[in-house]
Amino acid sequence: MVWDAWGIPAGHKPLSASIRTLLTQVFGVSGDPVARRDEGDVPLRESALTSAQRDGLVAVVGVGSVSVGHHDRLLHAGGKSTPDLLRRRVDGPQDAPDAIIFPADHEQVLAVLAYCADNAIAVVPFGGGTSVVGGVDPIRGHFDTVIALDLRRLDGVSEIDPISGTATLGAGLTGPGAEELLAAHGLSLGHFPQSFEFASIGGFAATRSSGQASAGYGRFDDMVQRLKIATPGGTIELGRAPASAAGPDLRELFVGSEGALGVITEVTLRVHPVPETIGYQAWSFPDFETGAAALRSVVQAGAAPTVLRLSDEVETGVNLARSADIGGAAVAGCLAITTFEGTQAHVAARSAEAGALLAAAGGNALGPTPAHEWEHGRFAAPYMRDALLDVGVLCETLETATTWSNLADLKAKVTAALTDSLAGQGTPPLVMCHISHTYPTGASLYFTVIAKQLDDPIAQWHIAKRAVGDAIVAAGGTITHHHAVGIDHRPWLPDEIGDLGVRVLRAVKRELDPAGILNPGKLVP
C-alpha cells in the first residue's frame with residue numbers, strides 16, 4: 001500500500017463535484033484537496049540499529065532480507081487508522097522501525113525472535129499493515145531499537161485436505177492470494193473483511209477478524225483449526241482435532257493476541273467448495289428498530305444468509321439511497337443487504353425462508369441491484385476516507401457489539417457521545433451506523449463519523465475517542481468487536497476483562513515473552 005493512505009494509487013479518485021458541494025454546505029470546507037508530500041521529502045527518525053545488530057540479523061535471514069532503506073521504513077511506519085494517516089501529514093521527522101526484517105520461514109522467525117530477545121530489540125510483527133487501532137505502530141517501549149518483522153515471504157499453502165475441508169496457509173499470505181491458491185483446488189475461505197485486499201492470514205488470526213460474510217461462514221476465529229506460533233522461547237503448535245476436552249483451548253491465547261504473545265507463522269483453516277451460485281436481495285425497513293428486529297428473527301430462526309447487513313437512516317441516506325432511489329426502487333428508512341451462497345437448491349430454499357421472515361417483520365423487497373452495488377464497492381470505503389481527509393474533513397470508524405436487548409441503547413449512547421464530544425469542540429458531526437455482523441444473541445454496530453477538521457485533528461479525534469470508549473463501556477458493549485485492541489482500545493481493556501484478567505494476561509506475557517520484546521505497548525495493559 002501507499003505510505004500515507006489506504007490501498008494502491010489506482011484506487012484513489014478525486015471527490016465528485018456534487019460531493020465537494022455537499023461538503024461545503026455541511027462543513028464549510030472548500031472541497032479542494034491539499035497536495036500530499038512525496039515520500040522522498042519525508043524525514044525519518046534516524047535508525048538506531050547498530051552495525052553489530054545489523055550483522056547479527058543478516059546472519060539469521062540473509063543480507064537481502066534486512067532493510068534500513070527509507071522506502072521500506074516509511075511503509076512500515078504504522079497502520080491505516082485516521083490518526084496514523086494524520087500523523088503522516090505532520091511536518092517533521094516521522095517515527096519508523098529502525099529496520100525491516102523479511103524472514104523466509106518459521107525457523108527464521110524463531111531465530112530472529114531469539115536474537116532480538118538476547119539483544120534487547122523490540123519486534124513488531126507486520127502482515128498487511130492494515131491495522132486501524134495502532135496495532136503495528138513502531139512503539140519502542142523501553143527499548144532503544146525496534147524492528148518490523150514483515151511476514152510476506154511466508155505466503156504458501158503447505159497442505160490441502162479436501163476430505164476434512166481444511167487448508168494450511170502461511171501467515172503472510174494475503175486475502176486475495178489465499179483465495180487464488182484455494183480456487184485452484186475448487187475451494188474458498190470466504191473471509192472478506194474490508195481489509196481483504198491487503199491484510200494477511202496471520203493478521204486475520206492475530207486480530208480476531210470478522211469478514212462481511214460472517215453470517216454464513218463465521219468469524220475468522222471460527223475457521224481456525226490449528227496454529228503454529230514462534231515465541232522467543234520456542235515453537236508452539238496447537239489444535240489437533242476439530243474439538244477437544246484436553247483442558248482449556250490454548251489456541252484462544254494466540255487468536256487475538258496481536259503479536260504480543262508470539263508470532264503466528266502458519267494457520268490451518270476450515271475451507272469450503274467455491275459456491276455454485278450466489279443470490280442477491282436487498283430490503284428496506286421503515287426504521288432501524290424494525291430492521292434490527294427483522295435481522296434478529298432471521299438469525300434466531302437459523303435462516304441467516306451468507307451476508308446480512310442493515311444501515312441506519314443516516315447511513316442509508318448518505319451512502320446508499322442516492323436521492324432516495326436505489327436500483328429503481330424507492331427506499332424509505334433503512335436499507336438491508338442479503339446474499340446467499342451455495343448450490344442452486346440451497347440458495348433458493350434459504351433465500352425463500354429468510355425472505356419470508358424479513359417480509360413478515362416489515363421488510364420491503366427491493367430486488368438484487370442494491371446488493372450487487374454494495375458488493376461492487378464493498379472494499380472502497382477507506383479510499384473515500386482518505387479523500388475526505390485531503391479536503392479537511394475528519395472521517396473515522398469504530399465498532400462495538402452487544403446483545404439484541406441492549407442494541408438500541410448502545411447505539412443511542414455511542415451516537416450521543418460522538419455528537420456531543422465533537423460538537424463541543426465546535427464541529428458538529430454526521431454519525432452513521434450499520435449492523436455488520438449478527439449472532440443468535442446479539443449483533444455488532446459499526447459507526448462512521450464525519451466532521452470538519454480542527455487545527456489539530458489528532459487531538460480532536462482523541463477527545464471524541466475517549467468519550468465514545470467510556471460510553472461503550474458504560475453502556476455494556478465490548479470495546480472492540482473485530483478491529484482488535486492495539487493502542488487505541490488498550491485503556492479500556494481492564495474494564496472488559498477485569499483486574500484479575502489483566503494479571504492473567506500479564507502472567508502469560510511474562511512466560512512467553514520474558515524480555516518483553518513482542519509488540520510493546522499493544523494489547524496488554
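Being a predicted model, the structure only gives us computed values, none of them experimental. Note that the numbering runs from 1 along the sequence shown for the chain.
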Participant: Let's go through R37 and D4 carefully: what are the C-alpha distance in whole Å and the side-chain angles of both, what is the deciding distance for salt bridge (charged side-chain N to carboxylate O under 4.0 Å, His left out) to 0.1 Å, and is it a yes or a no?
Facilitator: CA-CA 9 Å; R37 290 182 295 175; D4 62 344; over 6 Å; no
Participant: Which heavy-atom pair separates L151 from I264 by the least distance, and what is that distance?
Facilitator: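 Between these two residues, the closest heavy atoms are CD1-O, 4.0 Å.
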Participant: May I have the step-by-step check of side-chain hydrogen bond (donor to acceptor under 3.5 Å, both in side chains) for S16 and S18, ending in yes or no?
Facilitator: CA-CA 5 Å; S16 67; S18 60; 3.1 Å; yes
Participant: May I have the step-by-step check of side-chain contact (heavy atoms from CB on, under 4.5 Å) for V393 and K452, ending in yes or no?
Facilitator: CA-CA 5 Å; V393 175; K452 181 180 179 180; 6.0 Å; no
Participant: If only atom types and distance count, is the side chain of E179 paired as donor or acceptor with the main-chain N or O of L189 below 3.5 Å?
Facilitator: yes
Participant: One thing to verify: whether E197 and R378 come together as a salt bridge, which I'm taking to mean a side-chain N less than 4.0 angstrom from a carboxylate O.
Facilitator: no
Participant: Spell out, as yes or no, whether a donor-acceptor pair under 3.5 Å connects the side chain of R87 to the backbone of I458.
Facilitator: no
Participant: Closest heavy-atom contact between L418 and P429?
Facilitator: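 Minimum heavy-atom separation between L418 and P429: O-CG, 3.8 Å.
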Participant: Could you grab the distance from atom NE2 of H482 to atom OG of S436, nearest 0.5 Å is fine?
Facilitator: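 The OG atom of S436 is 5.0 Å from NE2 of H482, to the nearest 0.5 Å.
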Participant: Would you say the side-chain atoms of E258 pair up with the backbone N or O of V485, donor to acceptor, closer than 3.5 Å?
Facilitator: yes
Participant: Are the charged groups of D470 and K413 less than 4.0 angstrom apart, N to O?
Facilitator: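 Result for this pair is no, no salt bridge flagged.
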Participant: What I want to find out is whether K80 reaches D84 closely enough, with some N-O distance under 4.0 Å, to be called a salt bridge.
Facilitator: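 No, this pair does not count.
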Participant: For a 4.5 angstrom cut-off between non-hydrogen side-chain atoms, does L398 reach H483?
Facilitator: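 No, every pair of side-chain atoms sits at 4.5 Å or beyond.
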Participant: Is there a salt bridge (charged side-chain N to carboxylate O under 4.0 Å, His left out) between E252 and R208? Walk through the geometry before answering.
Facilitator: CA-CA 10 Å; E252 295 298 322; R208 290 189 179 274; 2.4 Å; yes
Participant: Quick one: list whatever passes side chain to side chain contact (heavy atoms under 4.5 Å, CB included) with A199, sequence neighbours left out.
Facilitator: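 Residues passing side chain to side chain contact (heavy atoms under 4.5 Å, CB included) with A199: T130, S195, F204.
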Participant: For the backbone of N406 and the side chain of D409, can you confirm whether one donor and one acceptor N or O come within less than 3.5 Å of each other?
Facilitator: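 The answer is no, because no donor-acceptor pair under 3.5 Å joins these two groups.
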